[in-house]
There are 2 protein chains.
Amino acid sequence: MNIYQILDKTHPINASSKHKFIECFEEVSFPKNHLIIRSDKVEKDIFFIKKGIARTFSNFDDSEVTIAFGEEGDTIISLKSYILNQKGYENIELLEDCELYKISTASLQNLFATDIDIANWGRKFAEQELIKAEQRFISNQLGTATERYIELLKKHPTLIQRVSLGLIASYLGITQVSLSRIRANIT
Amino acid sequence: MNIYQILDKTHPINASSKHKFIECFEEVSFPKNHLIIRSDKVEKDIFFIKKGIARTFSNFDDSEVTIAFGEEGDTIISLKSYILNQKGYENIELLEDCELYKISTASLQNLFATDIDIANWGRKFAEQELIKAEQRFISNQLGTATERYIELLKKHPTLIQRVSLGLIASYLGITQVSLSRIRANIT
DNA sequence: AGAAAAACTTAACAAATGATAAAAAACGAA
DNA sequence: TTCGTTTTTTATCATTTGTTAAGTTTTTCT
């Protein structure tokens with residue numbers, strides 16, 4: 001998915017603003033297993049996935065939560081770095097070799113402050129992420145792990161082939177062993 | 001909390017834009033138990049709480065999830081109406097007699113399209129809600145209901161006095177009976 | 001104040017999930 | 001391919017949370 005499609009997906013931008021915007025991006029590649037965002041750092045860049053898949057997760061004590069998976073067109077971002085310029089709670093690792101579009105938060109802030117079309121793009125971007133976050137929250141509060149797993153299968157059927165069971169389980173908020181048991185029961 | 005404080009809390013706006021912005025608000029009052037946002041409607045307005053407390057919840061089948069409580073300075077909003085102009089999944093009821101500031105989404109869209117300062121205010125607003133949503137999600141995935149209850153007590157000590165146990169339980173994702181048992185165990 | 005309604009607690013049993021361990025299957029590198 | 005590693009399954013037992021029901025306390029209304 002190229003950068004034009006990625007930006008347009010969020011919000012249309014007029015041609016001259018879009019040109020200015022796209023000039024700030026750089027294409028980069030990283031290998032599988034690369035830890036691209038670290039929770040102990042204020043991250044200076046955000047990324048969009050051209051090709052590949054990533055996992056956002058958070059560590060506390062000895063346990064780990066998978067917050068999200070990102071596929072082509074999705075964003076790799078430390079929210080607390082991007083929004084508050086603070087150390088985040090997210091780590092993001094690449095689950096495959098990835099091709100990414102990179103832009104610095106400094107460039108973004110500058111574009112937001114000077115171009116109303118891009119400012120509204122930034123607003124739409126946050127709003128769409130917010131909708132996703134709330135839907136995710138509601139579906140995790142409702143129903144059993146079995147229901148959530150079946151819903152995930154329906155919504156992201158390809159994900160199960162690309163990602164290990166343990167990570168899916170951590171995304172669903174259960175242990176890998178529980179998920180294996182659930183799979184045995186629904187077939 | 002007045003409308004100046006509420007708007008500034010999110011993002012500073014220059015004086016003339018702020019004046020234009022505030023002119024679009026209207027003060028309204030509603031009694032306790034009023035259902036101000038309904039999930040079966042596209043809502044045309046959003047509200048900020050001057051005085052009082054509200055609860056956002058979602059119904060599916062026969063169960064109900066409390067998504068959030070809103071106190072003074074917080075927003076009463078159907079995200080899907082505001083962002084996508086679609087019917088939402090949220091109901092919002094007032095838990096006390098409330099004084100509110102009201103603005104139409106149409107006015108907001110108009111302000112966003114024409115004033116870069118207000119567009120960036122809208123961006124910051126969505127971003128801050130996003131941070132809250134993600135923190136909430138992470139803390140609900142981690143640890144036991146007991147830990148989440150203790151965390152809530154620390155973060156919002158006044159809430160427990162203003163809101164019934166059943167609603168707190170539904171916020172924590174457990175039943176009222178379970179929460180009562182938890183309270184009996186931690187004292 | 002007194003009656004009715006709502007909120008909260010307690011208890012017993014059921015269901016879902018966690019923890020641990022061991023075995024089987026799938027995957028990857030030499 | 002083959003050996004070693006990782007992933008997945010299966011099983012057992014412990015813990016947490018849900019369900020139902022009954023009883024107590026608190027709040028609300030007249």
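Proteins get letters first, then strands, A, B, ... in listed order; numbering begins at 1 in each. What's counted below: heavy atoms across the whole structure, side chains too, no hydrogens, waters or symmetry copies.
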Inset, instruction - May I ask you to verify if any side-chain N or O of Arg183(B) is less than 4.0 angstrom from the OP1 or OP2 atom of dT9(C)? - result: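 Yes, Arg183(B) has a side-chain N/O under 4.0 Å of OP1/OP2 on dT9(C).
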
Inset, instruction - Work out how much the helix from dA1(C)-dT30(D) to dA30(C)-dT1(D) bends between its end axes, five pairs an end, to the nearest 10 degrees. - result: 60°

Inset, instruction - Identify whether the distance between the nearest side-chain nitrogen and carboxylate oxygen of Asp40(B) and Lys87(B) falls below 4.0 Å. - result: no

Inset, instruction - Take atom CD of Glu147(B) and atom C1' of dT17(D), then tell me their distance rounded to the nearest Å. - result: 15 Å

Inset, instruction - Using whole Å, report how far CD1 of Ile186(A) lies from P of dT17(C). - result: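 After rounding, the gap between these two atoms is 12 Å.
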
Inset, instruction - Can you tell me the distance, in whole Å, between the CZ atom of Arg181(A) and the C1' atom of dT7(D)? - result: 17 Å

Inset, instruction - Output the single nucleotide from dG18(C), dT10(D), dA11(C) whose closest atom is nearest the side chain of Ser180(A). - result: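 Per side-chain heavy atoms of Ser180(A), the pick is dT10(D).
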
Inset, instruction - Any ring-ring contact (aromatic ring centres under 6.0 Å, His included) involving residues 58-97 of chain B? Give me the pairs, sequence neighbours left out, ordered by first then second residue. - result: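 Qualifying pairs, neighbours excluded: Phe69(B)-Tyr171(B).
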
Legend entry - Value in whole Å for how far the C1' atom of dT16(D) lies from CD1 of Ile182(B): 9 Å

Inset, instruction - Find the distance Asn185(B):CG to dT9(C):P and express it as a whole number of Å. - result: 12 Å

Inset, instruction - Would you indicate which nucleotide in dT10(C), dG18(C), dA21(C) comes nearest to any side-chain atom of Ala184(B)? - result: dT10(C)

Legend entry - Ion pair Lys41(A)/Glu90(A), N-O distance below 4.0 Å: no

Inset, instruction - Identify whether the distance between the nearest side-chain nitrogen and carboxylate oxygen of Glu99(A) and Lys51(A) falls below 4.0 Å. - result: no

Legend entry - Sequence-distant partners of Thr66(A), side chain to side chain donor-acceptor pair (under 3.5 Å), two or more places apart: Arg55(A), Ser170(A)

Inset, instruction - Give the rounded distance in Å between these two atoms: CG of Leu179(B) and P of dT16(D). - result: 16 Å

Inset, instruction - Could you please spell out the steps behind the side chain to side chain donor-acceptor pair (under 3.5 Å) verdict for Ser17(A) and Asn14(A)? - result: CA-CA 6 Å; Ser17(A) 294; Asn14(A) 78 66; 3.1 Å; yes

Legend entry - Summary of protein contacts for nucleotides 22-30 of chain D, nucleotide by nucleotide, where a base hit scores B, a sugar-phosphate-only hit scores S (4.0 Å, heavy atoms): ---------

Inset, instruction - Apply the test side chain to side chain donor-acceptor pair (under 3.5 Å) to residues Glu93(B) and Asn33(B): give CA-CA distance (whole Å), side-chain angles for both, the deciding distance (0.1 Å), then the verdict. - result: CA-CA 6 Å; Glu93(B) 66 177 4; Asn33(B) 294 326; over 6 Å; no

Inset, instruction - Tell me which nucleotide among dT17(D), dT17(C), dC8(C) gets nearest to the side chain of Ala145(B). - result: dT17(D)

Legend entry - Lys/Arg-Asp/Glu bridge criterion (N-O < 4.0 Å) met for Glu23(B), Lys20(B): no

Identify each donor-acceptor pair in which a side-chain atom of residues 173-182 of chain A lies under 3.5 Å from a protein atom, sequence neighbours left out, and give them as a table.
unit_1    : atom_1 : unit_2    : atom_2 : d
Thr175(A) : OG1    : Ser178(A) : N      : 3.1
Thr175(A) : OG1    : Ser178(A) : OG     : 3.1
Ser178(A) : OG     : Arg181(A) : NH2    : 3.4

Inset, instruction - Scan residues 159-176 of chain B against DNA chain C and write down, sorted by residue number, each residue with any heavy atom closer than 4.0 Å; if none is found, say none. - result: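 Heavy-atom contacts with DNA chain C come from Ser164(B), Leu165(B), Gly166(B), Gln176(B).
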
Legend entry - Protein-nucleotide distance (Arg148(B), atom CZ; dT16(D), atom C1'), rounded to Å: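 The answer, rounded to whole Å, is 11 Å.
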
Legend entry - Charged N-O contact under 4.0 Å between Arg123(A) and Glu129(B):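 Salt bridge absent between Arg123(A) and Glu129(B).
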
Legend entry - Parallel, tilted or perpendicular: rings of Phe21(B) and Phe25(B) (30°, 60°): tilted

Legend entry - Nearest-nucleotide comparison on DNA chain C, the residue closer to the 5′ end among Thr146(A) and Val177(A):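 It is Thr146(A) whose nearest nucleotide is closer to the 5' end.
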
Inset, instruction - Using a strict 4.0 Å threshold on nitrogen-to-oxygen distance, state whether Arg148(A) and Glu151(A) make a salt bridge. - result: no

Legend entry - Asn140(A) CG to dT17(C) P, straight-line distance once rounded to whole Å: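 Taking CG of Asn140(A) and P of dT17(C), I get 12 Å after rounding.
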
